[in-house]
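Take a look at the structure below.
Computation of the quantities below employed the complete heavy-atom set of this structure, encompassing side-chain atoms and omitting hydrogens, waters and symmetry-equivalent molecules.
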Amino acid sequence: MNKLRENKPTADVLMVSMRAMGYSFESAVADIIDNSISAHAKDISVRFPIDPSECYIAIYDNGDGMTAEELFDAMKYGSESKREGRTDDDLGRFGLGLKAASLSQCRRLTVASKKNGVVSAFIWDLDVVEQKRDWYVIECSQEQTKNIRFIDCLEKYNSGTVVLWENFDIIEKSTGNVFGTLSNYMTQTSDYLSLIFHRFLNRNDKSAVKISVNNFQLRGIDPFLENHNKTNIRREIKITIPDSEGNEHIVTVQPFILPFQKDLSPEDKKRSGGIENYRSRQGFYIYRNERLIVWGTWFNRHRDELTKYARIRVDIPNSLDDIWGIDIKKQSATIPLSIRKRLTKAVDEAMDISVHKQTYRGRIAKVDEERDYVWDRISQREGLFTYRINRDSKVFDLIKETINEEALPYLDMILEEIENNLPYQQIYIDKSHNIIDEETTDERIADVEAKAEVMIKFAVSAGATDINGMIDRLFLSEPFSNFLELKDKLKENHNG
């Protein structure tokens, strides 16, 4: 028989190390609001300091509240209530969010809660934990509870909870200005909450949730512009997915094709989250119990300039957390291989519509269909043409495989500005006077060879093993297709 020995974690070491889990300030606040919504709160307030001498963050709600024993359990790392299972509308997962999120930002966490007319409170203070080197939480006396900041807000509610953050040591060490930093966080936190919880904020019935920041009531962002008359809402698709125990659950997929930017009013732009995000946030929007987890990503799927207005809303229940890889912070999710193909079908449907909308003015015309051109000549109305960088070129594909996916929309915007600012008139004048330097110098040949070496290196780092095949494909693309004498040289260099 195995000999069992208890091996408890060291309290101060574990608690301090968990502060580095990677919560941003606004994601930590959102994690606390998850608890409020799970407790059926309809009125949630976030308070930032207004006096430099008093630095705090307070989040209070009119949710179900907790008894003293329930609150004591909620303050535990890995609370017992999570072991007993979660309700379908629970936005929590591991029983760690309240503590991990809060103490990632501050050293002193106070939670007071009211239920059945009784108010109780507990405090996690890292100074105490480090001194005692054990899991000691402070149980507040009635007198201490009365002096907790914003405790009087619970008087207007039959039940509710106050979460208070104090002693912002990390901000103090990094900026030296806690009040100023917290003030700067207020706007970005408001924007973040307006996006993350937009479906709760935008409900038109009694289930709507009100969230205010320093008494300013937030309005939910609408990333799909569902009520815009030019938004193309595609057919909803339901996919049956088994969880890790074989029980089947429904995942709902809803594709949207958003209007062109020219069709947006100033209010539409504001409502969608700002025109600066309109292009950069295309892709999947993954929701867990209607709470946004991941957005603006294609999960490394092929995408191009023509699909820039396609957005796919995916709703998953919390019962599928394990197979979707939802992390503790609820900031990431991974599409499991078992359902990726079925999701792809819905995505492709949305992409096809987006491509149609983008190319209705004409088709791309190429001189040689075998050659992969850098520039595309695009026919427009009434016999006019424009030029666009070919986002489907093999050279561009290599860049997309190696660059951070979040940076791709910004790269696309830069390329679009290059396209829109081509000096057509000056090029015409210079060409007509035969003063454009088109000589192929030895320096240019060396430059193209160096660029080819970079592309080969990128491909190898991305997992390519057929170097000869990769070089053949590369030399179907401009500019390399204009320097075919380099192809055999590169193959010899890489196979010698």
Enter the distance from [X]:[atom1] to [Y]:[atom2] here, rounded to the nearest 0.5 Å.
X: Tyr285; Y: Thr297; atom1: OH; atom2: OG1; result: 10.5 Å
X: Lys156; Y: Cys153; atom1: NZ; atom2: SG; result: 5.5 Å
X: Ser194; Y: Ile221; atom1: OG; atom2: CD1; result: 5.5 Å
X: Ile257; Y: Arg311; atom1: CD1; atom2: CZ; result: 10.5 Å
X: Glu26; Y: Gln105; atom1: CD; atom2: CD; result: 8.5 Å
X: Phe25; Y: Gln188; atom1: CZ; atom2: CD; result: 8.5 Å

Under the 3.5 angstrom rule, does the side chain of [X] hit a backbone N or O of [Y] as a donor-acceptor pair?
X: Asp263; Y: Pro259; value: no
X: Ser174; Y: Ile170; value: yes
X: Lys270; Y: Ser265; value: no
X: Thr181; Y: Ile171; value: no
X: Asn177; Y: Glu172; value: no
X: Asn184; Y: Gly180; value: yes

How far apart are the closest heavy atoms of [X] and [Y], and which atoms are they?
X: Arg235; Y: Gln254; answer: C-NE2, 4.1 Å
X: Val209; Y: Ala41; answer: CG2-O, 3.9 Å
X: Ser102; Y: Trp165; answer: OG-NE1, 2.8 Å
X: Lys76; Y: Lys99; answer: O-NZ, 2.9 Å
X: Trp298; Y: Ala310; answer: CZ2-O, 3.5 Å
X: Ala58; Y: Leu164; answer: CB-CD1, 4.0 Å

Legend entry - Asp222/His198 under side chain to side chain donor-acceptor pair (under 3.5 Å): CA gap, chis, key distance, verdict: CA-CA 7 Å; Asp222 180 7; His198 72 89; 5.3 Å; no

Output side-chain donor-acceptor pairs under 3.5 Å for residues 107-115, partner residues at least two apart or in another chain, one line each.
| residue | atom | partner | partner atom | Å |
| --- | --- | --- | --- | --- |
| Arg107 | NE | Asp127 | OD1 | 3.2 |
| Arg107 | NH2 | Asp127 | OD1 | 2.8 |
| Arg107 | NH2 | Glu130 | OE1 | 2.8 |
| Arg108 | NH1 | Asp125 | OD2 | 2.7 |
| Ser113 | OG | Met66 | N | 2.7 |
| Ser113 | OG | Gly160 | O | 3.2 |
| Ser113 | OG | Thr161 | OG1 | 2.8 |
| Lys114 | NZ | Leu154 | O | 3.1 |
| Lys114 | NZ | Tyr157 | O | 2.8 |
| Lys115 | NZ | Glu70 | OE1 | 3.2 |
| Lys115 | NZ | Glu70 | OE2 | 3.3 |

Establish, from distance only, whether the side-chain atoms of [X] and [Y] form a donor-acceptor pair under 3.5 Å.
X: Thr187; Y: Ser190; result: no
X: Asn35; Y: Ser38; result: no
X: Ser36; Y: Asp61; result: yes

Do [X] and [Y] touch side chain to side chain, with heavy atoms closer than 4.5 Å?
X: Val314; Y: Ile312; answer: yes
X: Leu195; Y: Asp191; answer: no
X: Leu415; Y: Glu417; answer: no
X: Leu258; Y: Ser272; answer: no
X: Arg203; Y: Glu290; answer: yes
X: His228; Y: Leu264; answer: yes
X: Met18; Y: Tyr77; answer: yes
X: His249; Y: Thr240; answer: no

Inset, instruction - Please report the C-alpha distance between Leu292 and Ile286 in whole Å, then the side-chain angles of each, then the deciding distance to 0.1 Å, and finally whether the side-chain contact (heavy atoms from CB on, under 4.5 Å) criterion is met. - result: CA-CA 6 Å; Leu292 187 57; Ile286 307 294; 5.8 Å; no

Heavy atoms from other residues, nucleotides or ligands near [atom1] of [X] exceed 12 (cutoff 6.0 Å):
X: Asn229; atom1: CG; value: yes
X: Glu54; atom1: CD; value: yes
X: Asp205; atom1: CG; value: yes
X: Asn158; atom1: CG; value: no

Legend entry - Qualifying residue for ring-ring contact (aromatic ring centres under 6.0 Å, His included) with Tyr56, from Phe168, Phe150, Phe179: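 Option passing the ring-ring contact (aromatic ring centres under 6.0 Å, His included) with Tyr56: Phe150.
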
Inset, instruction - Please lay out, stage by stage, how Glu236 and Lys238 fare under the test salt bridge (charged side-chain N to carboxylate O under 4.0 Å, His left out). - result: CA-CA 7 Å; Glu236 182 182 85; Lys238 293 187 181 295; 3.4 Å; yes

Inset, instruction - Apply the test side-chain contact (heavy atoms from CB on, under 4.5 Å) to residues Met186 and Asn214: give CA-CA distance (whole Å), side-chain angles for both, the deciding distance (0.1 Å), then the verdict. - result: CA-CA 9 Å; Met186 184 164 62; Asn214 278 22; 3.7 Å; yes

Legend entry - Salt bridge flag under 4.0 Å for residues Arg19 and Asp169: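 Between Asp169 and Arg19 there is a salt bridge, with a charged N closer than 4.0 Å to a carboxylate O.
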
Inset, instruction - Please determine if Glu226 and Arg313 form a salt bridge, counting it only when a charged side-chain N lies under 4.0 Å from a carboxylate O. - result: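 Looking at Glu226 and Arg313, the cut-off is met.
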
Legend entry - Verdict with supporting geometry, Ile33 and Leu193, side-chain contact (heavy atoms from CB on, under 4.5 Å): CA-CA 9 Å; Ile33 292 178; Leu193 299 179; 3.7 Å; yes

Inset, instruction - Would you please indicate yes or no on a ring centroid separation below 6.0 angstrom for Phe48 and Tyr185? - result: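 Not under 6.0 Å, so no.
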
Inset, instruction - Applying side-chain contact (heavy atoms from CB on, under 4.5 Å), run through Val163 and Tyr60 and close with a yes or a no. - result: CA-CA 6 Å; Val163 176; Tyr60 54 88; over 6 Å; no

Legend entry - Within 45° cone of Tyr287 ring axis and under 6.0 Å: Arg199 NZ or CZ: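 Verdict for Tyr287: a cation-pi partner in Arg199.
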
